[in-house]
A.B. asks: 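Here you go, one structure.
Labels below follow one simple rule: chain letters A, B, ... track the order of the sequence lines, proteins then strands, and each chain is numbered from 1. Keep in mind that this is a model prediction, so the values were computed, not measured.
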2 protein chains.
Amino acid sequence: MKWDALEEEPCSLARTVAVIGDRWSLMILRECFLRKRRFEAFQSSLGITRHLLAERLKKLVRFGVLRRIPYMESPKRYEYILTQKGLDLYPIIMSIVHWGNVHMVDSRGKPLLHEHKSCGKMFDPLMICSECGEPLNAKQVHTHPGPGARQETLPAKAPAKPKASRTAV
Amino acid sequence: MKWDALEEEPCSLARTVAVIGDRWSLMILRECFLRKRRFEAFQSSLGITRHLLAERLKKLVRFGVLRRIPYMESPKRYEYILTQKGLDLYPIIMSIVHWGNVHMVDSRGKPLLHEHKSCGKMFDPLMICSECGEPLNAKQVHTHPGPGARQETLPAKAPAKPKASRTAV
DNA sequence: ACGATAAAGTTCTATTTTAGAACTGTCAAT
DNA sequence: ATTGACAGTTCTAAAATAGAACTTTATCGT
């Protein structure tokens with residue numbers, strides 16, 4: 001697949017995957033949320049090749065997830081910080097971490113615990129419906145084409161059959 | 001990087017990324033949540049090469065995310081359905097879709113709308129703290145090493161310095 | 001009976017990506 | 001004058017992916 005093809009798809013998942021859907025981007029973002037900001041810091045804690053790191057950072061900046069700001073003049077040195085768009089990735093990162101906590105831990109338990117400053121407790125993230133507040137699960141969700149759905153290239157033979165899809169994503 | 005290295009890391013994000021952290025796995029999972037189950041269905045709707053599709057399906061089965069079940073004897077035909085472990089990926093998929101809805105849509109709006117069967121309304125997913133129920137954001141979260149944290153290979157010189165990390169993942 | 005079609009892969013070569021290591025340029029410290 | 005830090009860039013070899021053809025078992029239409 002060409003990467004660019006993903007961006008063009010009328011699918012919010014595909015478009016997001018075009019931005020963060022590779023191992024290294026997700027690992028770099030983990031480091032960003034852990035307050036790492038500099039090239040050397042990313043490189044040494046991830047073990048990513050310098051070549052790829054430079055490439056991925058460029059991509060994340062290009063997509064507006066990170067901002068590259070100078071922290072030292074002469075020699076020019078830059079660090080990478082999350083933009084609001086980047087900070088908004090937090091639920092993705094947290095749901096990934098949570099799934100790993102549930103399904104990929106060994107007998108010792110979670111590698112990392114999360115404390116919610118607001119309430120002071122160790123927590124897990126929980127995904128709920130914005131409308132009724134109930135926890136979400138795939139089987140309780142229907143999807144419908146939205147305004148940005150793919151343009152139906154009306155086939156001559158098959159007439160439009162606008163039925164709600166019985167699906168979840 | 002070797003893929004296996006990720007699995008071994010004492011990090012729930014890395015371990016999860018080892019399972020679903022590539023473009024095609026995420027796209028295949030999208031199709032799964034959209035009730036696609038068969039090889040040909042995945043292949044034609046994604047445009048993935050048959051070679052890679054076979055490979056990714058094997059991986060997802062190996063990790064227990066999908067189950068391969070025969071739906072026809074002679075000729076043997078199989079379909080792939082989400083296990084509970086796979087269904088538990090729903091919050092990841094939904095948070096990815098939601099970020100795309102917020103940050104990657106064109107002027108026409110969302111490609112897909114989600115209806116919560118329980119309450120009958122179109123919704124967005126919202127991530128909250130399991131303990132206090134408040135919406136989560138990165139800046140309100142501290143992390144602490146958990147029981148499954150990396151074994152400190154105590155360096156002779158640097159004495160253990162057990163301070164809470166001021167971080168978020 | 002014969003060829004066409006279908007599903008679920010497998011096999012092959014060409015192209016693209018990634019790994020791994022070395023190199024560059026600018027400055028500060030010893 | 002040499003060493004080291006930082007933020008990259010450049011190079012070659014190895015691995016992954018794209019794209020197309022091929023395989024196997026069985027059904028359908030004529």
Side-chain angles (χ1 to χ4, degrees), chain A residues 1-9 14 17-29 31-32 35-63 66-81, chain B residues 1-9 14 17-29 31-32 35-63 66-81:
Chain A
M1 158 175 278
K2 321 92 201 174
W3 261 116
D4 299 354
L6 273 186
E7 274 181 74
E8 305 304 326
E9 280 199 44
V17 165
V19 180
I20 60 158
D22 66 282
R23 2 169 147 54
W24 283 126
S25 294
L26 286 165
M27 296 299 286
I28 291 167
L29 286 166
E31 296 302 309
C32 291
R35 307 295 193 260
K36 295 272 174 68
R37 321 182 137 206
R38 300 185 182 175
F39 193 94
E40 295 295 321
F42 292 127
Q43 203 279 318
S44 66
S45 70
L46 292 177
I48 185 176
T49 64
R50 307 176 72 77
H51 179 68
L52 261 204
L53 176 56
E55 219 260 334
R56 291 292 192 271
L57 288 172
K58 249 176 223 156
K59 187 187 72 167
L60 292 170
V61 168
R62 179 159 43 82
F63 276 114
L66 298 178
R67 201 192 321 276
R68 183 166 175 268
I69 57 173
Y71 69 91
M72 183 197 279
E73 304 292 329
S74 101
K76 279 268 191 188
R77 289 293 144 75
Y78 300 91
E79 57 187 11
Y80 297 86
I81 62 165
Chain B
M1 158 177 277
K2 319 96 201 170
W3 261 116
D4 300 354
L6 274 186
E7 274 181 75
E8 304 305 326
E9 280 199 46
V17 165
V19 181
I20 60 158
D22 66 283
R23 0 167 149 58
W24 284 126
S25 294
L26 287 165
M27 296 298 285
I28 290 168
L29 286 166
E31 296 302 309
C32 291
R35 307 294 193 261
K36 295 273 174 69
R37 320 180 137 206
R38 300 186 183 176
F39 193 93
E40 294 295 321
F42 292 126
Q43 204 279 319
S44 66
S45 70
L46 292 177
I48 184 176
T49 64
R50 308 177 72 77
H51 180 68
L52 261 204
L53 176 56
E55 219 259 334
R56 291 293 191 271
L57 288 172
K58 248 175 224 156
K59 188 186 72 169
L60 292 170
V61 168
R62 179 159 44 81
F63 277 114
L66 298 179
R67 201 191 322 276
R68 183 167 175 267
I69 58 173
Y71 68 92
M72 182 196 280
E73 304 293 331
S74 106
K76 278 267 189 189
R77 290 292 145 75
Y78 300 91
E79 56 186 12
Y80 297 87
I81 64 166

A.B. asks: Specify the separation, in whole Å, of atom CD of Q43(A) and atom P of dT9(D).
C.D. replies: 14 Å

A.B. asks: Less than 3.5 Å apart, which donor and acceptor atoms pair up between the side chains of residues 66-78 of chain A and the rest of the protein, not counting sequence neighbours?
C.D. replies:
| residue | atom | partner | partner atom | Å |
| --- | --- | --- | --- | --- |
| R68(A) | NE | Y80(A) | OH | 3.3 |
| E73(A) | OE1 | K76(A) | NZ | 3.1 |

A.B. asks: Could you tell me the separation between the CE atom of M72(B) and the P atom of dA6(C), rounded to a whole number of Å?
C.D. replies: 13 Å

A.B. asks: Just the rounded figure in Å: distance from C1' of dT10(D) to CG of L52(A).
C.D. replies: 14 Å

A.B. asks: Need to verify one output field. Residue with the more 5' nearest nucleotide on DNA chain C, S74(A) or I48(A)?
C.D. replies: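 Residue closer to the 5' terminus by nearest nucleotide: I48(A).
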
A.B. asks: Just how far is it from atom CZ of R56(A) to atom CE of M27(A), taken to the nearest 0.5 Å?
C.D. replies: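 CE of M27(A) is found 13.0 Å from CZ of R56(A).
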
A.B. asks: Think R23(B) has a side-chain N or O under 4.0 angstrom from the OP1 or OP2 of dT17(D)?
C.D. replies: no

A.B. asks: Measure from CG on D22(B) to P on dT18(C) and round the result to the nearest Å.
C.D. replies: 11 Å

A.B. asks: Measure the distance from CG on L53(B) to P on dT11(C) and round it to the nearest whole Å.
C.D. replies: 16 Å

A.B. asks: Tell me: NZ of K59(A) to P of dT17(C), nearest whole Å?
C.D. replies: 12 Å

A.B. asks: Taking the side chain as every heavy atom from C-beta outward, state whether V17(A) and E9(A) have any pair of such atoms under 4.5 Å apart.
C.D. replies: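 No - every pair of side-chain heavy atoms lies 4.5 Å or more apart.
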
A.B. asks: Please state how far atom CD in E73(B) lies from atom C1' in dT25(D), giving the value in whole angstrom units.
C.D. replies: 13 Å

A.B. asks: Pair up each side-chain donor or acceptor in residues 36-48 of chain B with any protein partner under 3.5 Å, not counting sequence neighbours, and list the distances.
C.D. replies:
| residue | atom | partner | partner atom | Å |
| --- | --- | --- | --- | --- |
| K36(B) | NZ | E31(B) | OE1 | 2.9 |
| K36(B) | NZ | S45(B) | OG | 3.4 |
| R38(B) | NE | E79(B) | OE1 | 3.0 |
| R38(B) | NH2 | E79(B) | OE1 | 3.4 |
| E40(B) | OE2 | R50(B) | NH2 | 2.5 |
| Q43(B) | NE2 | I48(B) | O | 2.7 |
| S44(B) | OG | E40(B) | O | 3.1 |
| S45(B) | OG | E31(B) | OE1 | 3.1 |
| S45(B) | OG | A41(B) | O | 3.0 |

A.B. asks: Encode nucleotides 1-8 of chain D as B, S and - characters from 5' to 3', where the letter depends on protein heavy atoms closer than 4.0 Å: B to the base, S only to sugar-phosphate, - to neither.
C.D. replies: -----BBB

A.B. asks: Rounded to whole angstrom units, what separation is found between the CD atom of E55(B) and the C1' atom of dT11(C)?
C.D. replies: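 Taking atom C1' of dT11(C) as the reference, CD of E55(B) is at 14 Å.
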
A.B. asks: At what distance, to the nearest 0.5 angstrom, does CG of L60(B) lie from CD of E55(B)?
C.D. replies: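 Atom-to-atom, L60(B):CG and E55(B):CD are 10.0 Å apart.
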
A.B. asks: Could you tell me the separation between the CG atom of L26(A) and the CD1 atom of I20(B), rounded to the nearest 0.5 Å?
C.D. replies: 8.0 Å

